[in-house]
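From a predicted model like this one, the values you see are computed outputs, not experimental measurements.
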Amino acid sequence: DRVPRGFDDDDRRLLRDLARLVEREIASAHLATLDAATGLSNRRGFLELGATALAVCARSERNASLMLVELAPDAEPGEPVTSDDPLATLASLLMQGHRDSDVVGRVDDTTLAILMTHCDVPGTDVPLDRLRQAVARHNRARRNAEPLAFRAAVIGYEPIRHGSIKALLDDAAARLQAPGAAERAA
């Protein structure tokens, strides 16, 4: 085609309809990977974004660390959390101290994950300390309310051992559940 084509009202309507369709598809894909209670990526979204981030780390031979933060209710072990409110609060406090490059998501009912690229395990001390301090401030401000508490476990990414983000997540979850391996903070 070397001659410009005409663009009439029907073409404009068709283009607008196509644009609306694309917008709805993008919104639908976004909603499918978003956790409504926390505003973070859900497990599916975290796995998708985390896989991309780990691929970049592997190609560029950079460090990465995964931190799991589990809401630790004062309920009996195994008793389910009855509300998303404490987790949403923990997620909000967690988001205050993370970097824009971190991949953050809700990976199960009571657990949040942060994949920190270009960060070795000792480098996670600062964001973990920030979270501890934020939770302590939150608990002091709400003296009569049930205190917010969490457990955390950190694991470094090893490309040979962790062939996928799921393998890294599973390894970190095992560490979080191991007796005495996870740190409890209130």
Does Tyr157 form a side-chain contact (heavy atoms from CB on, under 4.5 Å) with Leu115? I'd like the steps, not just the answer.
CA-CA 9 Å; Tyr157 170 58; Leu115 178 63; 5.7 Å; no
Dump the intermediate steps for side-chain contact (heavy atoms from CB on, under 4.5 Å) on Arg106 and Arg43, then the final yes or no.
CA-CA 6 Å; Arg106 180 178 184 177; Arg43 184 178 181 89; over 6 Å; no
Is there a side-chain contact (heavy atoms from CB on, under 4.5 Å) between Leu148 and Leu93 once you walk through the steps?
CA-CA 11 Å; Leu148 192 61; Leu93 296 172; 3.8 Å; yes
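Evaluation of the salt bridge (Lys or Arg N to Asp or Glu O under 4.0 Å) test over residues 88-104, restricted to residues two or more places apart or in two chains, returns Arg99-Asp102.
Taking each heavy atom of Thr117 and Ser101 in turn, the nearest pair found is OG1-O, 4.0 Å. Minimum interatomic distance between Val154 and Thr124 (heavy atoms only, all atoms of both residues): CG1-OG1, 3.5 Å. Cys119 and Gly123 make their closest contact through SG-C, 3.5 Å (heavy atoms, listed as atom of the first residue, atom of the second, distance).
Residue Gln177 holds its CD atom at 5.0 Å from CZ of Arg151, rounded to the nearest 0.5 Å. The CG atom of Leu40 sits 8.0 Å away from atom NE2 of His98, with the distance rounded to the nearest 0.5 Å. Here CD1 of Ile165 is found 10.0 Å from CG of Leu49. Values are rounded to the nearest 0.5 Å. Distance check, rounded to the nearest 0.5 Å: CG of Asp11 to CG of Leu18 gives 12.0 Å. If you take CZ on Arg16 and CG on Leu21, they are separated by 15.5 Å, rounding to the nearest 0.5 Å. For the atom pair Leu94 CG and Ile114 CD1, the distance stands at 3.5 Å (nearest 0.5 Å).
With Ser65 contributing its side chain and Val121 its backbone, the two residues share a donor-acceptor pair below 3.5 Å. Judged by distance alone, the side chain of Thr52 and the main-chain N or O of Glu48 form a donor-acceptor pair under 3.5 Å. Between the side chain of Ser92 and the main chain of Ala88, no donor-acceptor pair closer than 3.5 Å is present.
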Which side-chain N or O atoms in residues 53-61 pair as donor and acceptor under 3.5 Å with protein atoms at least two apart or in another chain?
residue : atom : partner : partner atom : Å
Ser60   : OG   : Val56   : O            : 2.8

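The side-chain heavy atoms of Phe7 and Arg12, taken from C-beta on, include a pair separated by under 4.5 Å. The side-chain heavy atoms of Val104 and Met95, taken from C-beta on, include a pair separated by under 4.5 Å. Counting heavy atoms from C-beta on, the side chains of Leu112 and Leu90 come closer than 4.5 Å. The shortest side-chain heavy-atom distance between Val107 and Phe46 falls under the 4.5 Å cut-off. A 4.5 Å side-chain heavy-atom check between Asp129 and Val126 finds every atom pair outside the cut-off. In this structure the side chain of Arg130 never reaches within 4.5 angstrom of the side chain of Gln96, judged on heavy atoms.
Taking a 4.5 Å side-chain heavy-atom cut-off between Ile, Leu, Val, Met, Phe, Trp and Tyr, the cluster of Leu14 contains only that residue.
Scanning for salt bridge (Lys or Arg N to Asp or Glu O under 4.0 Å) contacts around Asp170 gives Lys166, with sequence neighbours left out. Asp8 is linked by a salt bridge (Lys or Arg N to Asp or Glu O under 4.0 Å) to nothing, counting only residues two or more places apart in sequence or in another chain. Scored by the side chain to side chain contact (heavy atoms under 4.5 Å, CB included) test, Ile155 finds Leu66, His162, Leu168, Asp171, Ala172, Arg175 as partners (sequence neighbours excluded).
Screening Leu176, Val135, Leu131 for a side chain to side chain contact (heavy atoms under 4.5 Å, CB included) with Val69, the sole residue that qualifies is Leu131.
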